[in-house]
Colleague: 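Sending over a structure as structure tokens; questions will come in a sec.
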2 protein chains.
Amino acid sequence: MAGRADTSKTAESSDKVSVICRALRRAIIEQALEPGAKLPEDSLGERFGVSRTIARHALGQLAAEGLVELRRNRIAVVATPSWQEARDAFDIRIELERLVVRQLAGKLTKPQIAELTAHVDAEDRARDGTDAVSIRLATEFHILLAHMTNSPILVRYVSEVAYRCCLTLSLYSRPHSSECAINEHRAIIAALVKGDVDKVMGLMHSHLDSVATRALVAPSPQRGRDLLDILAPYADEASGDRVVKLPKAARR
Amino acid sequence: MAGRADTSKTAESSDKVSVICRALRRAIIEQALEPGAKLPEDSLGERFGVSRTIARHALGQLAAEGLVELRRNRIAVVATPSWQEARDAFDIRIELERLVVRQLAGKLTKPQIAELTAHVDAEDRARDGTDAVSIRLATEFHILLAHMTNSPILVRYVSEVAYRCCLTLSLYSRPHSSECAINEHRAIIAALVKGDVDKVMGLMHSHLDSVATRALVAPSPQRGRDLLDILAPYADEASGDRVVKLPKAARR
DNA sequence: ACAGCCCGAACTGCATGCAATTCGGGCGAT
DNA sequence: ATCGCCCGAATTGCATGCAGTTCGGGCTGT
């Protein structure tokens, strides 16, 4: 009822493909796979005991979700969103999740409330564990909320954009100090139960916004890591003076 | 500048696959392919001059977008969203497009304004043409707006959800009386140029909302077309009295 | 040393082939 | 007649094979 099995109708063709997708998604949001990590089809196929065809199909799905970047004739890599894209993703996420809580306010059933509080408790318990797990749990809290709207489309979009945000956090955030404040999750649950629509929408907004602004620390001139962009301002003067050599270390 | 080529980084692996995707998307939103239409892999491959592998991959992508439904070991079909899903899609769309115009208000460049008005003029000119074309143009107007935000993610989501809405219109709408009022498009452009954020957000909201409510005419007891649901209320009394026969015509 | 070229290895793009499953029509039983 | 079963055709699920492209390291010339 409350938490559905999710394999229902959200694409995810057969089984093997979706298994790989799930595994990779999880690896990505737990930062076991960093942005830019290579994902050769054979390796994936070998690791998961399937042929390249299937691995390839899975990569296609993940690319459609924006988690993976596919370049023709080149090895697929974990997506490396630009800072601007990260900010855009958070903006979208804010709107979508406001919609979620708007639909949910005052409509939660007892078992749903129990499930949510149980999840937050789990988040609490995981505080001593690795960052990876707590990040995943924090994200899953939001996805759990989306599930409760019973709107598959909303679930899909919230999930996707939440994953993307996770991805960007691993790029642009500091050691993410317990990033998704657990107390804010509790506050959201409380406001949802109380049925105060405006309050809960405000809470969700500030919750996400604070995560975004705390994490996405300004266009940070250096962290941009895209060689071309970094060099752009110097390009004009390149003729006048010799630029520092970048023989090999600069690649990749 | 204004209207980008879009083949940039939004997944869409190589070429052949994305060609098929685009063709099918278009066929779907122009209602050449109705919801429920079968999409066998071989036929597609044959039609587009590729192997089943590629056709299959394309179907996977479209399924990820929610335009196609994939069932294990069964022929893929054009998605048939439930009425509730249609309503949900419109709700999401409203939020997303409000975000679009919020970002755009007062920020449009001259050439962008020209492009928009040119598009609306094209919509006007197409009024005598087939419904299919005018529906497509109306949808493309919204996607064009999204493009101008320069946010690939927003473009992707707005496009997807707009296509989905198109799909549902072909299911639940009446002959859609020039459904996406062209004048409302003009009004939106005007408000965007004027830079009145609240006004334009309101306009977009009511524009989409009116399309939604005018088209999605209530849960309409009959139009539901899912035999099982229709019969559900009668199931209890089935033992007492013979139900009208439904030998073969009832199927599909 | 250093840059540039070159060639083998690695990898992707795609088609094809085979096994498993579903579909659909005809045939026999009721 | 109608229902149910059964079997061939259609179709999917997946692996493999081959051709074309990219990658990366060593070699050569300067």
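In what follows, every chain begins at residue 1, and chains take the letters A, B, ... in the order their sequences are listed. This is a predicted model, so every value here is computed, not measured.
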Colleague: Please report, rounded to the nearest Å, how far the C1' atom of D:dT12 is from the NE2 atom of B:His57.
Modeller: 17 Å
Colleague: Rounded to the nearest angstrom, tell me the gap between atom CD1 in B:Ile20 and atom P in C:dG13.
Modeller: 15 Å
Colleague: What is the separation between atom CG on A:Leu70 and atom C1' on C:dC11, rounded to the nearest whole Å?
Modeller: 13 Å
Colleague: Rounded off to whole Å, could you give me the CG-to-P distance for the A:Leu44 and D:dA15 pair?
Modeller: 13 Å
Colleague: Could you work out, with ring-ring contact (aromatic ring centres under 6.0 Å, His included) as the rule, every residue matching A:Phe141, not counting sequence neighbours?
Modeller: A:His185
Colleague: D:dC23 P sits how many Å from A:Lys38 NZ, rounded?
Modeller: 8 Å
Colleague: Quick check for you: among C:dG13, C:dA15, D:dT12, whose closest atom lies nearest to any side-chain atom of A:Arg56?
Modeller: C:dG13
Colleague: So, applying salt bridge (charged side-chain N to carboxylate O under 4.0 Å, His left out) with B:Glu65, which one of B:Arg164, B:Arg25, B:Arg156 is it?
Modeller: B:Arg25
Colleague: Under a 3.5 Å threshold, yes or no: a donor from one side chain and an acceptor from the other, between A:His119 and A:Glu140?
Modeller: no
Colleague: Considering all heavy atoms of both residues, which atom of B:Leu137 and which atom of B:Ala122 are nearest to each other, and what is their separation?
Modeller: CD1-O, 3.9 Å
Colleague: Please give, in whole Å, the distance from C:dT21 P to B:Glu41 CD?
Modeller: 16 Å
Colleague: Let me spell it out: for each of A:Ser51 and A:Ile75, pick the nucleotide of DNA chain D with the closest heavy atom. Which residue's pick is nearer the 5' end?
Modeller: A:Ser51
Colleague: Starting at NZ of A:Lys16 and ending at P of C:dA20, how long is that distance when rounded to a whole Å?
Modeller: 12 Å
Colleague: Rounded to whole angstrom units, what separation is found between the CZ atom of A:Phe48 and the P atom of D:dC14?
Modeller: 15 Å
Colleague: Relative to the 5' end of DNA chain D, which residue comes earlier, A:Gly49 or B:Asp42, by the nucleotide with the nearest heavy atom?
Modeller: B:Asp42
Colleague: Polar atom pairs between nucleotides 18-22 of chain D and protein, under 3.5 Å, N or O only, would you list them?
Modeller:
unit_1	atom_1	unit_2	atom_2	d
D:dT21	O3'	A:Asn73	ND2	3.4

Colleague: Atom CZ of residue position A:Arg47 - does it have more than 12 heavy atoms of other residues, nucleotides or ligands inside 6.0 Å?
Modeller: no
Colleague: Go through the steps for A:Ile92 and A:Tyr157 under the test side-chain contact (heavy atoms from CB on, under 4.5 Å), then give the verdict.
Modeller: CA-CA 10 Å; A:Ile92 294 172; A:Tyr157 287 148; over 6 Å; no
